[in-house]
Amino acid sequence: MQKRLLVLAAGILQVPVIKRAHEMGIYVIAADGDPNACGLKYADKAIVANITSEEEMLRVARAENIDGVIHPCSEVSMNVMGRINDELHLSGISKDQAIRATNKHLMREAFEAYGAPSPMSRCFTDVEVAWGAFCMDFTGACILKPSRNSGSRGIAKISSNIQMDEFARLFEISKNESRDKQVMLEQFIEGPEFSIEIIVWNGQVNVLTVTDKKTTEAPHFVELGHNQPSCSPAETVEKIKAAAVAGVKALGVNNCACHAEVKVQDGDPYIMEIGARMGGDFISTVLTPLSTGVDMIAAAVNCALGIEPCLQPITKPQGVCIRYFCPKPGVLKSISNTEVLDDSRVYEWEIYHNVGDIIPEVTSSLCRSGHVIVTEETPKKAIAYAERLISEVIFETE
Ligand SMILES: Nc1ncnc2c1ncn2[C@@H]1O[C@H](COP(=O)(O)OP(=O)(O)O)[C@@H](O)[C@H]1O
Ligand SMILES: [Mg+2]
(Lines give C-alpha, C1' and ligand atoms only; values in the text may rest on other atoms or scores of the structure.)
(Ligands and ions follow the chains in the order given, each with its own letter.)
Protein backbone atom coordinates (compact mmCIF):
# COMPACT_ATOMS: atom_id res chain seq x y z
CA MET A 1 0.00 0.00 0.00
CA GLN A 2 1.30 3.46 -0.92
CA LYS A 3 1.99 5.52 2.23
CA ARG A 4 0.25 8.87 2.55
CA LEU A 5 2.14 11.81 4.07
CA LEU A 6 0.71 15.21 5.02
CA VAL A 7 3.27 18.03 4.76
CA LEU A 8 2.26 21.11 6.72
CA ALA A 9 3.54 24.20 4.85
CA ALA A 10 4.71 24.26 1.24
CA GLY A 11 7.10 27.22 1.07
CA ILE A 12 10.65 27.34 -0.26
CA LEU A 13 12.04 25.53 2.80
CA GLN A 14 9.58 22.65 2.46
CA VAL A 15 10.12 22.10 -1.28
CA PRO A 16 13.01 19.61 -0.83
CA VAL A 17 10.88 17.53 1.55
CA ILE A 18 7.84 17.48 -0.71
CA LYS A 19 9.98 16.54 -3.72
CA ARG A 20 11.97 13.87 -1.89
CA ALA A 21 8.91 12.26 -0.30
CA HIS A 22 7.26 12.09 -3.72
CA GLU A 23 10.43 10.48 -5.17
CA MET A 24 10.31 7.93 -2.36
CA GLY A 25 7.01 6.74 -3.81
CA ILE A 26 4.92 8.32 -1.06
CA TYR A 27 1.59 10.01 -1.83
CA VAL A 28 2.29 13.57 -0.69
CA ILE A 29 -0.48 15.86 0.43
CA ALA A 30 0.93 19.38 0.90
CA ALA A 31 -1.05 22.04 2.73
CA ASP A 32 -0.42 25.77 2.88
CA GLY A 33 -2.52 28.85 3.52
CA ASP A 34 -1.08 30.55 0.45
CA PRO A 35 -2.47 29.23 -2.87
CA ASN A 36 0.76 30.40 -4.54
CA ALA A 37 3.07 28.57 -2.12
CA CYS A 38 5.86 27.29 -4.35
CA GLY A 39 5.87 23.72 -2.97
CA LEU A 40 2.23 22.92 -3.71
CA LYS A 41 2.93 22.06 -7.36
CA TYR A 42 5.34 19.27 -6.39
CA ALA A 43 2.79 17.46 -4.23
CA ASP A 44 0.46 14.69 -5.38
CA LYS A 45 -2.34 16.70 -3.84
CA ALA A 46 -2.30 20.38 -2.90
CA ILE A 47 -4.59 21.70 -0.20
CA VAL A 48 -5.03 25.40 0.51
CA ALA A 49 -6.02 25.64 4.16
CA ASN A 50 -5.14 27.31 7.42
CA ILE A 51 -2.29 25.09 8.63
CA THR A 52 -2.33 26.75 12.05
CA SER A 53 -5.87 25.51 12.75
CA GLU A 54 -5.88 22.19 14.60
CA GLU A 55 -9.49 21.45 13.73
CA GLU A 56 -9.11 22.26 10.05
CA MET A 57 -5.95 20.20 9.66
CA LEU A 58 -7.36 17.30 11.67
CA ARG A 59 -10.25 17.19 9.22
CA VAL A 60 -7.79 17.11 6.33
CA ALA A 61 -5.69 14.42 8.03
CA ARG A 62 -8.75 12.23 8.60
CA ALA A 63 -10.23 12.81 5.15
CA GLU A 64 -6.92 11.99 3.49
CA ASN A 65 -6.41 8.90 5.64
CA ILE A 66 -2.77 9.81 6.25
CA ASP A 67 -0.05 7.52 7.60
CA GLY A 68 2.09 10.40 8.89
CA VAL A 69 2.45 14.15 9.14
CA ILE A 70 5.55 16.32 8.98
CA HIS A 71 6.15 20.03 9.51
CA PRO A 72 9.67 20.62 8.24
CA CYS A 73 11.81 23.68 8.92
CA SER A 74 9.07 25.75 10.53
CA GLU A 75 7.40 26.12 13.91
CA VAL A 76 4.03 27.67 13.21
CA SER A 77 2.18 24.36 12.98
CA MET A 78 4.12 22.22 15.45
CA ASN A 79 1.16 22.02 17.84
CA VAL A 80 -1.14 21.13 14.95
CA MET A 81 1.21 18.31 13.96
CA GLY A 82 1.38 17.08 17.58
CA ARG A 83 -2.41 17.10 17.87
CA ILE A 84 -2.81 15.12 14.63
CA ASN A 85 -0.25 12.59 15.87
CA ASP A 86 -2.13 12.25 19.18
CA GLU A 87 -5.58 11.90 17.67
CA LEU A 88 -4.63 9.58 14.83
CA HIS A 89 -2.05 7.63 16.88
CA LEU A 90 0.72 8.36 14.41
CA SER A 91 4.50 8.24 14.82
CA GLY A 92 6.27 11.49 15.77
CA ILE A 93 5.89 14.00 18.55
CA SER A 94 2.82 14.56 20.70
CA LYS A 95 1.14 17.91 21.22
CA ASP A 96 2.66 18.16 24.72
CA GLN A 97 6.11 17.67 23.29
CA ALA A 98 5.40 20.14 20.48
CA ILE A 99 4.43 22.78 23.03
CA ARG A 100 7.65 22.16 24.98
CA ALA A 101 9.75 22.32 21.84
CA THR A 102 8.32 25.67 20.67
CA ASN A 103 7.90 27.58 23.93
CA LYS A 104 11.35 28.83 24.92
CA HIS A 105 10.38 29.10 28.59
CA LEU A 106 9.03 25.55 28.92
CA MET A 107 12.07 24.39 27.00
CA ARG A 108 14.43 26.04 29.49
CA GLU A 109 12.48 24.47 32.38
CA ALA A 110 12.87 21.04 30.81
CA PHE A 111 16.62 21.58 30.29
CA GLU A 112 17.07 22.71 33.90
CA ALA A 113 15.05 19.81 35.28
CA TYR A 114 17.13 17.32 33.30
CA GLY A 115 20.50 19.03 33.87
CA ALA A 116 21.07 19.85 30.19
CA PRO A 117 23.39 22.90 29.96
CA SER A 118 21.34 26.05 29.45
CA PRO A 119 21.92 29.74 30.32
CA MET A 120 20.22 31.26 33.37
CA SER A 121 16.81 32.34 32.14
CA ARG A 122 13.51 33.72 33.40
CA CYS A 123 10.22 34.57 31.77
CA PHE A 124 8.11 37.73 32.26
CA THR A 125 5.00 39.49 31.05
CA ASP A 126 5.51 42.62 33.12
CA VAL A 127 8.35 44.97 32.30
CA GLU A 128 8.76 46.28 35.85
CA VAL A 129 9.03 42.81 37.31
CA ALA A 130 11.56 41.97 34.59
CA TRP A 131 13.57 45.13 35.34
CA GLY A 132 13.60 44.25 39.05
CA ALA A 133 14.91 40.76 38.31
CA PHE A 134 17.48 42.15 35.87
CA CYS A 135 18.85 44.51 38.57
CA MET A 136 18.75 41.96 41.42
CA ASP A 137 19.43 38.53 39.97
CA PHE A 138 21.47 38.93 36.78
CA THR A 139 25.06 40.06 36.37
CA GLY A 140 26.76 40.93 33.08
CA ALA A 141 25.17 41.20 29.66
CA CYS A 142 21.75 39.66 29.07
CA ILE A 143 19.39 39.00 26.21
CA LEU A 144 15.69 39.75 25.82
CA LYS A 145 13.73 37.56 23.44
CA PRO A 146 10.16 36.50 22.74
CA SER A 147 9.12 33.30 24.45
CA ARG A 148 7.34 32.22 21.28
CA ASN A 149 8.74 33.25 17.93
CA SER A 150 11.63 32.34 15.64
CA GLY A 151 13.98 33.74 13.02
CA SER A 152 15.69 36.05 15.56
CA ARG A 153 12.63 38.32 15.65
CA GLY A 154 12.36 40.67 18.64
CA ILE A 155 15.74 39.75 20.12
CA ALA A 156 18.03 42.29 21.82
CA LYS A 157 21.30 42.02 23.70
CA ILE A 158 21.45 44.34 26.69
CA SER A 159 24.49 45.47 28.64
CA SER A 160 24.60 45.42 32.44
CA ASN A 161 24.52 49.24 32.60
CA ILE A 162 21.44 49.71 30.39
CA GLN A 163 19.00 52.42 31.57
CA MET A 164 15.45 51.46 32.53
CA ASP A 165 13.85 53.41 29.66
CA GLU A 166 15.87 51.57 27.07
CA PHE A 167 15.24 48.24 28.81
CA ALA A 168 11.50 48.97 28.73
CA ARG A 169 11.62 49.89 25.05
CA LEU A 170 13.40 46.68 24.08
CA PHE A 171 11.14 44.62 26.35
CA GLU A 172 8.06 45.97 24.56
CA ILE A 173 9.52 45.17 21.14
CA SER A 174 10.20 41.63 22.27
CA LYS A 175 6.76 41.31 23.86
CA ASN A 176 5.02 42.48 20.69
CA GLU A 177 6.87 39.81 18.72
CA SER A 178 5.95 37.06 21.18
CA ARG A 179 2.95 34.92 20.30
CA ASP A 180 2.14 34.41 24.00
CA LYS A 181 3.22 37.96 25.03
CA GLN A 182 5.89 36.55 27.31
CA VAL A 183 9.51 37.72 27.22
CA MET A 184 12.60 35.77 28.20
CA LEU A 185 15.41 37.48 30.07
CA GLU A 186 18.57 35.41 29.83
CA GLN A 187 22.22 35.46 30.75
CA PHE A 188 24.06 36.31 27.52
CA ILE A 189 26.39 33.55 26.36
CA GLU A 190 29.38 34.99 24.54
CA GLY A 191 31.07 32.76 22.00
CA PRO A 192 30.71 30.90 18.72
CA GLU A 193 27.43 29.30 17.73
CA PHE A 194 26.69 25.84 16.35
CA SER A 195 23.72 23.78 15.30
CA ILE A 196 23.34 20.05 15.60
CA GLU A 197 21.24 17.92 13.27
CA ILE A 198 19.65 14.93 14.90
CA ILE A 199 17.35 12.01 14.15
CA VAL A 200 15.64 10.48 17.17
CA TRP A 201 14.35 7.01 16.50
CA ASN A 202 13.08 4.50 18.99
CA GLY A 203 14.53 6.48 21.91
CA GLN A 204 17.99 6.66 20.31
CA VAL A 205 19.33 10.18 19.79
CA ASN A 206 21.52 10.06 16.66
CA VAL A 207 23.68 13.08 15.88
CA LEU A 208 24.25 13.40 12.13
CA THR A 209 26.46 16.49 12.09
CA VAL A 210 27.55 19.72 13.79
CA THR A 211 27.31 23.02 11.88
CA ASP A 212 29.35 26.20 12.40
CA LYS A 213 27.11 29.24 12.18
CA LYS A 214 28.03 32.76 11.20
CA THR A 215 25.66 35.41 12.55
CA THR A 216 25.53 39.20 12.59
CA GLU A 217 26.64 40.81 15.83
CA ALA A 218 24.30 42.17 18.50
CA PRO A 219 21.55 43.26 18.55
CA HIS A 220 19.93 40.92 16.00
CA PHE A 221 22.14 37.80 15.56
CA VAL A 222 20.82 37.10 12.07
CA GLU A 223 22.34 34.03 10.47
CA LEU A 224 24.65 34.95 7.58
CA GLY A 225 25.74 31.43 6.79
CA HIS A 226 26.54 27.91 7.90
CA ASN A 227 29.15 25.28 7.14
CA GLN A 228 29.39 21.54 7.70
CA PRO A 229 31.14 19.72 9.15
CA SER A 230 32.24 22.06 11.93
CA CYS A 231 35.84 23.28 11.70
CA SER A 232 36.16 23.26 15.53
CA PRO A 233 38.51 20.86 17.35
CA ALA A 234 37.11 17.34 17.85
CA GLU A 235 36.99 17.79 21.63
CA THR A 236 34.75 20.87 21.32
CA VAL A 237 32.54 19.11 18.79
CA GLU A 238 32.07 16.19 21.20
CA LYS A 239 31.00 18.55 24.00
CA ILE A 240 28.54 20.27 21.68
CA LYS A 241 27.06 16.91 20.65
CA ALA A 242 26.70 15.80 24.28
CA ALA A 243 24.88 19.04 25.20
CA ALA A 244 22.46 18.63 22.29
CA VAL A 245 21.78 14.97 23.12
CA ALA A 246 21.04 15.90 26.76
CA GLY A 247 18.70 18.65 25.55
CA VAL A 248 16.78 16.33 23.24
CA LYS A 249 16.39 13.80 26.07
CA ALA A 250 15.16 16.61 28.34
CA LEU A 251 12.42 17.45 25.83
CA GLY A 252 11.49 13.78 25.67
CA VAL A 253 10.75 13.84 21.95
CA ASN A 254 10.92 10.68 19.85
CA ASN A 255 10.70 9.53 16.24
CA CYS A 256 11.48 12.89 14.69
CA ALA A 257 14.25 15.10 13.38
CA CYS A 258 15.71 17.68 15.79
CA HIS A 259 17.65 20.85 15.20
CA ALA A 260 19.61 22.04 18.26
CA GLU A 261 21.42 25.37 18.64
CA VAL A 262 24.36 25.64 21.03
CA LYS A 263 26.83 28.39 21.93
CA VAL A 264 30.22 27.71 23.49
CA GLN A 265 31.57 30.08 26.14
CA ASP A 266 34.99 29.46 27.70
CA GLY A 267 34.94 25.91 26.39
CA ASP A 268 31.51 25.07 27.86
CA PRO A 269 28.43 24.44 25.71
CA TYR A 270 25.05 26.10 26.44
CA ILE A 271 21.89 25.19 24.56
CA MET A 272 20.14 28.14 22.91
CA GLU A 273 17.08 26.17 21.79
CA ILE A 274 16.03 22.86 20.24
CA GLY A 275 13.35 22.41 17.60
CA ALA A 276 11.81 18.95 17.25
CA ARG A 277 11.90 19.36 13.50
CA MET A 278 14.32 19.77 10.65
CA GLY A 279 16.24 23.04 10.76
CA GLY A 280 15.60 25.93 8.41
CA ASP A 281 18.12 27.79 6.26
CA PHE A 282 18.55 24.57 4.15
CA ILE A 283 20.68 23.09 6.98
CA SER A 284 18.77 19.83 7.39
CA THR A 285 17.37 19.50 3.91
CA VAL A 286 20.38 20.37 1.75
CA LEU A 287 23.59 20.89 3.75
CA THR A 288 23.32 17.80 5.95
CA PRO A 289 22.70 15.37 3.06
CA LEU A 290 25.64 16.93 1.16
CA SER A 291 28.07 16.90 4.09
CA THR A 292 27.18 13.54 5.66
CA GLY A 293 25.87 11.55 2.72
CA VAL A 294 22.89 10.64 4.94
CA ASP A 295 19.51 11.29 3.38
CA MET A 296 18.16 13.31 6.32
CA ILE A 297 14.95 14.18 4.52
CA ALA A 298 14.13 10.54 3.85
CA ALA A 299 15.04 9.76 7.47
CA ALA A 300 12.70 12.44 8.84
CA VAL A 301 9.92 11.40 6.45
CA ASN A 302 10.28 7.77 7.50
CA CYS A 303 10.21 8.74 11.19
CA ALA A 304 6.91 10.54 10.54
CA LEU A 305 5.53 7.43 8.83
CA GLY A 306 6.74 5.13 11.63
CA ILE A 307 9.33 3.43 9.40
CA GLU A 308 12.88 2.85 10.68
CA PRO A 309 15.12 5.53 9.08
CA CYS A 310 18.39 4.71 7.31
CA LEU A 311 21.20 6.70 8.94
CA GLN A 312 24.04 5.38 6.78
CA PRO A 313 25.71 7.57 4.13
CA ILE A 314 24.46 6.87 0.62
CA THR A 315 26.56 9.54 -1.12
CA LYS A 316 30.15 10.73 -0.57
CA PRO A 317 30.44 13.29 2.28
CA GLN A 318 31.73 16.75 1.23
CA GLY A 319 32.57 20.08 2.82
CA VAL A 320 29.60 22.42 2.38
CA CYS A 321 28.87 26.08 3.05
CA ILE A 322 25.89 28.37 2.58
CA ARG A 323 26.34 32.14 2.65
CA TYR A 324 23.59 34.77 2.38
CA PHE A 325 23.63 37.92 0.29
CA CYS A 326 22.96 40.94 2.53
CA PRO A 327 23.56 44.05 0.39
CA LYS A 328 23.66 47.58 1.70
CA PRO A 329 20.12 48.80 2.57
CA GLY A 330 18.41 51.10 0.07
CA VAL A 331 16.62 50.84 -3.26
CA LEU A 332 18.14 48.07 -5.38
CA LYS A 333 19.44 49.64 -8.61
CA SER A 334 21.19 46.68 -10.23
CA ILE A 335 22.55 43.18 -9.70
CA SER A 336 25.62 42.21 -11.72
CA ASN A 337 28.42 39.69 -12.07
CA THR A 338 26.14 36.74 -11.29
CA GLU A 339 28.15 34.81 -13.94
CA VAL A 340 30.63 33.94 -11.18
CA LEU A 341 27.95 31.69 -9.71
CA ASP A 342 28.13 29.48 -12.79
CA ASP A 343 30.70 27.05 -11.32
CA SER A 344 30.62 23.31 -10.60
CA ARG A 345 31.30 23.98 -6.92
CA VAL A 346 28.07 25.99 -6.67
CA TYR A 347 25.36 23.52 -5.70
CA GLU A 348 22.62 26.15 -5.97
CA TRP A 349 22.00 29.87 -5.64
CA GLU A 350 19.07 32.21 -5.56
CA ILE A 351 18.52 35.96 -5.28
CA TYR A 352 15.23 36.87 -3.63
CA HIS A 353 15.09 40.58 -4.53
CA ASN A 354 14.50 42.32 -7.87
CA VAL A 355 15.72 45.67 -9.14
CA GLY A 356 13.46 48.35 -7.63
CA ASP A 357 12.90 46.47 -4.38
CA ILE A 358 13.84 48.06 -1.10
CA ILE A 359 16.71 46.22 0.54
CA PRO A 360 16.01 46.32 4.28
CA GLU A 361 18.50 46.51 7.10
CA VAL A 362 19.20 42.94 8.20
CA THR A 363 17.25 42.70 11.46
CA SER A 364 15.89 39.17 10.96
CA SER A 365 16.48 36.25 8.62
CA LEU A 366 13.55 37.43 6.49
CA CYS A 367 15.61 40.49 5.44
CA ARG A 368 18.34 38.57 3.58
CA SER A 369 18.54 38.98 -0.19
CA GLY A 370 19.70 35.59 -1.44
CA HIS A 371 22.01 32.65 -0.89
CA VAL A 372 24.66 30.49 -2.46
CA ILE A 373 25.52 26.91 -1.47
CA VAL A 374 29.03 25.64 -2.25
CA THR A 375 30.50 22.13 -1.99
CA GLU A 376 34.24 21.51 -1.74
CA GLU A 377 36.66 18.88 -0.46
CA THR A 378 36.75 20.49 2.97
CA PRO A 379 34.47 22.90 4.88
CA LYS A 380 37.28 25.49 5.02
CA LYS A 381 37.60 25.52 1.24
CA ALA A 382 33.81 25.71 0.90
CA ILE A 383 33.67 28.74 3.24
CA ALA A 384 36.48 30.53 1.42
CA TYR A 385 34.83 30.01 -1.95
CA ALA A 386 31.30 30.92 -0.79
CA GLU A 387 32.59 34.14 0.80
CA ARG A 388 34.45 35.01 -2.37
CA LEU A 389 31.26 34.59 -4.40
CA ILE A 390 29.28 36.72 -1.95
CA SER A 391 31.79 39.52 -2.38
CA GLU A 392 31.94 39.18 -6.18
CA VAL A 393 28.23 39.46 -6.97
CA ILE A 394 27.51 43.19 -7.07
CA PHE A 395 24.31 44.65 -5.66
CA GLU A 396 24.09 48.37 -6.33
CA THR A 397 21.77 50.16 -3.90
CA GLU A 398 21.00 53.82 -3.33
N1 LIG B 1 21.07 33.40 26.13
C2 LIG B 1 21.66 33.74 24.98
N3 LIG B 1 22.98 34.08 24.95
C4 LIG B 1 23.58 34.46 23.82
N5 LIG B 1 22.98 34.52 22.64
C6 LIG B 1 21.67 34.19 22.58
C7 LIG B 1 20.94 33.78 23.74
N8 LIG B 1 19.68 33.52 23.35
C9 LIG B 1 19.63 33.75 22.02
N10 LIG B 1 20.82 34.15 21.55
C11 LIG B 1 21.17 34.52 20.16
O12 LIG B 1 19.99 34.84 19.44
C13 LIG B 1 19.75 33.87 18.41
C14 LIG B 1 18.27 33.58 18.29
O15 LIG B 1 17.79 33.08 19.52
P16 LIG B 1 16.89 31.79 19.57
O17 LIG B 1 16.57 31.49 20.97
O18 LIG B 1 17.53 30.72 18.78
O19 LIG B 1 15.58 32.32 18.86
P20 LIG B 1 14.96 32.10 17.40
O21 LIG B 1 13.83 31.15 17.64
O22 LIG B 1 14.54 33.45 17.00
O23 LIG B 1 16.02 31.48 16.53
C24 LIG B 1 20.54 32.65 18.85
O25 LIG B 1 20.83 31.85 17.76
C26 LIG B 1 21.77 33.30 19.46
O27 LIG B 1 22.65 33.79 18.48
MG1 LIG C 1 17.11 29.83 16.96
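The first residue in the sequence is number 1, and the count goes up from there. Note that ligands are numbered from 1 as they come in the structure, with each ligand's atoms numbered from 1 the same way.
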| said: Please list the nearest protein heavy atom to atom 8 (N) of ligand 1 with its residue and the distance rounded to 0.1 Å. | reply: K145 NZ, 2.9 Å
| request: If you have a sec, work out which protein heavy atom is nearest atom 10 (N) of ligand 1 and how many Å separate them, to one decimal? | output: I143 CD1, 3.5 Å
| task | Could you find the nearest protein heavy atom to atom 14 (C) of ligand 1 and give me its residue, atom name and distance? | result | I155 CD1, 3.3 Å
| Heavy atom of the protein closest to atom 3 (N) of ligand 1 (residue, atom name, distance) | I189 N, 2.8 Å
| task | Consider every N or O of E261 and every N or O of ligand 1, then say whether any pair is closer than 3.5 Å. | result | yes
| query | With a cut-off of 4.0 Å, which atoms of ligand 1 are near a heavy atom of Q187? | reply | 1 (N), 2 (C), 3 (N)
| said: Counting non-hydrogen protein atoms only, what is the nearest one to atom 18 (O) of ligand 1? Give residue, atom name and distance. | reply: E273 OE2, 2.8 Å
| task | Please name the atom of E261, restricted to N, O or S, that is closest to the Mg ion (ligand 2). | result | OE1
| message | Quick check: do C258 and V253 have side-chain heavy atoms less than 4.5 Å from each other? | response | yes
| task | Would you mind naming the N, O or S atom of E273 nearest to the Mg ion (ligand 2)? | result | OE2
| message | Nearest non-hydrogen contact with atom 2 (C) of ligand 1 belongs to which option: E217, M272, M107? | response | M272
| note | Taken to the nearest 0.5 Å, the spacing of E56 CD from I47 CD1 works out to 10.0 Å
| said: I'd like to know if the side chain of D212 reaches the main chain of C231, judged simply by a donor and an acceptor atom lying under 3.5 Å from each other, with no hydrogens or angles considered. | reply: yes
| task | Report the nearest protein non-hydrogen atom to atom 26 (C) of ligand 1: residue, atom name, distance rounded to 0.1 Å. | result | E193 OE1, 3.3 Å
| query | So is there a nitrogen or oxygen of F221 less than 3.5 Å from a nitrogen or oxygen in ligand 1? | reply | no
| field | T215 to ligand 1, any heavy atom closer than 4.0 Å | value | no
| task | May I ask you to check whether Y352 and H371 place their ring centres under 6.0 Å from each other? | result | yes
| Between E186 and ligand 1, does any nitrogen or oxygen pair lie at a separation below 3.5 Å? | yes
